[in-house]
Amino acid sequence: GTTLIGTKQTSISVLVPYNYVPTINSVTISEGNSSIKSAFGEYVATQSKLKFDIKASGSHGSSIVGCSTSIDSKTYTGQSFITDTINGTASNTDSIQLTYTVSVTDSRGRTATKENYVIFLTYQKPIFNALSVQRANSAYSVDENNGTYALFKYSYTASKLDNKNTVSMVIKYKTTDATSWKTLNTISSAPYTASNTEYHGGNIFDSTKDYDVMIGLKDYFMSDYIY
């Protein structure tokens, strides 16, 4: 018949299958520092910033509500961002490997995680290990009393960065009572390392005067010389 006798309401629980989880479809990483990208084409620790673009999707009707990425002891939120400068860890090797972890959360509170790594060239500023200057004769035999020629010896190290770094060196001198320096030579394509290397500075000293000398180094990332 058509007579309604009564109604009754009840509730049931419908469980979403455990394997209905979000998916991290892709993680695209590029250089966030345009000058490094053009000069090196590789990531450089203490100089590079990473640009992340993350694609993720929900499962069976859910949506992505959160995304976080951890790298270099920092955590970033969002699916598209540029990191701070990546410092990495000190290393005596030419490159280091840094792990990143991406986590996404969907509207059901379920998560997915993806882990991978990025390789960075290691970098440190040029460092002088030793430097000396002596008076010498024209044959560059040491003559501290009467020599008027300058005999330089120096040792230093600079980062190669896959042989793409550029190192410059400048040599300056002056009499101790002078206020301004004279440039003896500027070497625009200096080697990455020097070990007890000699440089013959020519006949620049007066045997009756005292002198100050200095050698400076800089590389691609530096605007000023380190002395």
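Residues: numbered from 1 along the sequence shown. Model, not experiment: these values are computed from the prediction.
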Undergrad: Within a strict 4.5 Å, meaning less than it, do heavy atoms of the Val213 and Lys172 side chains meet?
TA: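 In short, these two side chains do not touch, never coming nearer than 4.5 Å.
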Undergrad: Can you tell me if CG on Asn163 sees more than 12 non-hydrogen neighbours from other groups inside 6.0 Å?
TA: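 Enclosed: over 12 neighbouring heavy atoms sit under 6.0 Å from CG of Asn163.
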Undergrad: Check whether Leu121 and Val167 end up in the same hydrophobic cluster, where Ile, Leu, Val, Met, Phe, Trp and Tyr are linked by side-chain heavy atoms less than 4.5 Å apart.
TA: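 Each belongs to a different hydrophobic cluster.
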Undergrad: Can any side-chain N or O of Ser107 pair as donor or acceptor with the backbone N or O of Ser63 at less than 3.5 Å?
TA: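 Pair found, side chain donor or acceptor close to backbone of Ser63.
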Undergrad: Closest heavy-atom contact between Gly32 and Ile82?
TA: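 Looking at all heavy atoms of both residues, the shortest contact is CA-CG2, 4.4 Å.
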Undergrad: Between Ser62 (side chain only) and Asp106 (backbone N and O only), is there a donor and an acceptor less than 3.5 Å apart?
TA: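 No, because the side chain of Ser62 does not come within donor-acceptor range (under 3.5 Å) of the backbone of Asp106.
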Undergrad: Could you walk me through whether Tyr220 and Leu161 pass side-chain contact (heavy atoms from CB on, under 4.5 Å), step by step?
TA: CA-CA 10 Å; Tyr220 174 84; Leu161 301 181; over 6 Å; no
Undergrad: How far apart are the C-alpha atoms of Trp181 and Met214, what are their side-chain angles, what is the distance that settles it, and do they pass the side-chain contact (heavy atoms from CB on, under 4.5 Å) test?
TA: CA-CA 9 Å; Trp181 293 86; Met214 63 181 180; 3.6 Å; yes
Undergrad: With a 3.5 Å cut-off and sequence neighbours excluded, list the donor-acceptor pairs that the side chains of residues 183-190 form with protein atoms.
TA:
from	atom 1	to	atom 2	distance (Å)
Asn185	ND2	Tyr199	OH	3.0

Undergrad: Kindly compute the distance separating OG1 (Thr83) from CD1 (Ile71), expressed to the nearest 0.5 Å.
TA: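 The CD1 atom of Ile71 is 6.5 Å from OG1 of Thr83, to the nearest 0.5 Å.
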Undergrad: Under 4.5 Å between any side-chain heavy atoms of Cys67 and Ile54, yes or no?
TA: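 Yes, close enough: below the 4.5 Å cut-off.
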Undergrad: Would Phe152 and Val170 show up in the same hydrophobic cluster when neighbours are defined by side-chain heavy atoms closer than 4.5 Å?
TA: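 The answer is no; the residues belong to distinct hydrophobic clusters.
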Undergrad: Could you pull out the closest heavy-atom pair between Ile64 and Pro22, with the gap in Å?
TA: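 Result for this residue pair: CD1-CB, 3.7 Å.
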Undergrad: Would Ile204 and Lys182 count as a side-chain contact (heavy atoms from CB on, under 4.5 Å) if you check the C-alpha gap in whole Å, the side-chain angles of each, and the deciding distance to 0.1 Å?
TA: CA-CA 10 Å; Ile204 63 171; Lys182 294 181 179 180; over 6 Å; no
Undergrad: Is there a chain of hydrophobic side chains (I, L, V, M, F, W, Y, each step under 4.5 Å between heavy atoms) that links Tyr123 to Ile86?
TA: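 Different clusters.
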Undergrad: Check the side chains of Thr176 and Asp210 for a donor-acceptor pair under 3.5 angstrom, ignoring hydrogens and angles.
TA: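 There is no such pair between these side chains.
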Undergrad: Just by distance, with hydrogens left out, do Asn25 and Thr23 show a side-chain donor and acceptor under 3.5 Å apart?
TA: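 Result is no, nothing qualifies.
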Undergrad: Which word best sums up how the rings of Tyr156 and Phe128 line up, parallel for under 30°, tilted for 30 to 60°, or perpendicular for over 60°?
TA: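 Aromatic pair Tyr156/Phe128 classed perpendicular.
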Undergrad: Begin with the C-alpha distance, continue with both residues' side-chain angles, and end with the deciding distance and a verdict on salt bridge (Lys or Arg N to Asp or Glu O under 4.0 Å) for Asp84 and Lys74.
TA: CA-CA 9 Å; Asp84 297 332; Lys74 293 184 178 180; 2.9 Å; yes
Undergrad: Are Lys174 and Asp212 within salt-bridge range, i.e. N to O under 4.0 Å?
TA: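 A salt bridge is present here (some side-chain N lies under 4.0 Å from a carboxylate O).
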Undergrad: Is the shortest heavy-atom distance from the side chain of Gln47 to the side chain of Asn33 under 4.5 Å?
TA: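 A side-chain contact under 4.5 Å is absent here.
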Undergrad: Membership question, hydrophobic clusters at under 4.5 Å side-chain separation (ILVMFWY): are Tyr211 and Tyr149 in the same one?
TA: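 Tyr149 and Tyr211: separate clusters.
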Undergrad: Would you confirm whether Ser38, through its side chain, and Ser35, through its main-chain N or O, come within 3.5 Å as a donor-acceptor pair?
TA: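 Yes.
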Undergrad: Do the side chains of Lys160 and Asn165 get nearer than 4.5 Å, heavy atoms only?
TA: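 No; the side chains remain at least 4.5 Å from each other.
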Undergrad: Any idea which heavy atoms bring Val118 and Ile29 closest together, and the distance?
TA: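 The answer is CG2-CD1, 3.8 Å.
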Undergrad: Stepwise, does the side-chain contact (heavy atoms from CB on, under 4.5 Å) test hold for Thr105 with Arg110?
TA: CA-CA 5 Å; Thr105 304; Arg110 296 190 173 185; over 6 Å; no
Undergrad: For residues 94-104, please give each side-chain donor-acceptor pair under 3.5 Å, one per line with the distance, not counting sequence neighbours.
TA:
from	atom 1	to	atom 2	distance (Å)
Thr101	OG1	Glu115	OE1	3.3
Ser103	OG	Thr113	OG1	3.4

Undergrad: First locate atom CG of Asn129, then atom OH of Tyr154, and finally report the distance between them rounded to the nearest 0.5 Å.
TA: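 Separation between the atoms: 13.0 Å.
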Undergrad: Report the distance from atom OH of Tyr20 to atom CG of Leu15, rounding to the nearest 0.5 Å.
TA: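 Result: 12.0 Å between the selected atoms.
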Undergrad: Please lay out, stage by stage, how Asn196 and Ser155 fare under the test side-chain hydrogen bond (donor to acceptor under 3.5 Å, both in side chains).
TA: CA-CA 5 Å; Asn196 202 33; Ser155 300; 5.1 Å; no
Undergrad: CZ of Phe205 to OG1 of Thr175: how many Å apart, nearest 0.5 Å?
TA: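 Taking CZ in Phe205 and OG1 in Thr175, the distance rounds to 11.0 Å.
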Undergrad: Which heavy atom of Thr75 sits nearest to which heavy atom of Ser70, and what is that distance?
TA: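 Smallest heavy-atom distance, with atoms named: OG1-OG, 3.1 Å.
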Undergrad: Would you find a donor on one side and an acceptor on the other, under 3.5 Å apart, between the side chain of Asp72 and the backbone of Asn87?
TA: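 Side chain of Asp72 to backbone of Asn87, a donor-acceptor pair under 3.5 Å: yes, one is there.
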Undergrad: For residues Lys114 and Val27, report the shortest heavy-atom separation together with the two atoms involved.
TA: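 Closest pair (atom of Lys114, atom of Val27, distance): CD-CG2, 4.1 Å.
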Undergrad: Say whether Ile127 and Leu217 are linked into one hydrophobic cluster, either directly or through other cluster members, by side-chain heavy-atom distances under 4.5 angstrom.
TA: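 Different clusters: Ile127 never reaches Leu217 through Ile, Leu, Val, Met, Phe, Trp or Tyr contacts under 4.5 Å.
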Undergrad: For the atom pair CD (Gln134) and CG (Leu151), what is the distance rounded to the nearest 0.5 Å?
TA: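 Gln134 CD to Leu151 CG: 6.0 Å, rounded to 0.5 Å.
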Undergrad: Does the separation of the ring centres of Phe221 and Phe40 fall below 6.0 angstrom?
TA: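 Centroid separation for Phe221 and Phe40: below 6.0 Å.
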Undergrad: Show me the pairs that pass salt bridge (Lys or Arg N to Asp or Glu O under 4.0 Å) and involve residues 33-56, at least two apart or across chains.
TA: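 Applying salt bridge (Lys or Arg N to Asp or Glu O under 4.0 Å) to every pair that reaches into residues 33-56, excluding sequence neighbours, yields Glu42-Lys164.
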Undergrad: Measure the CD1-OH distance between Ile171 and Tyr227 for me, rounded to the nearest 0.5 Å.
TA: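 Spacing of CD1 (Ile171) from OH (Tyr227) equals 11.0 Å.
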Undergrad: Could you report the tightest heavy-atom contact between Lys218 and Pro126, atom names first, then the distance?
TA: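 The pair with the smallest heavy-atom distance is C-CG, 4.4 Å.
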Undergrad: Should the pair Tyr43 and Phe120 be assigned to parallel (<30°), tilted (30 to 60°) or perpendicular (>60°) ring geometry?
TA: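 Taking Phe120 first and then Tyr43, their aromatic rings sit tilted (interplane angle of 30° to 60°).
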Undergrad: Any side-chain heavy-atom pair from Ile215 and Leu131 closer than 4.5 angstrom?
TA: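 A side-chain contact under 4.5 Å exists here.
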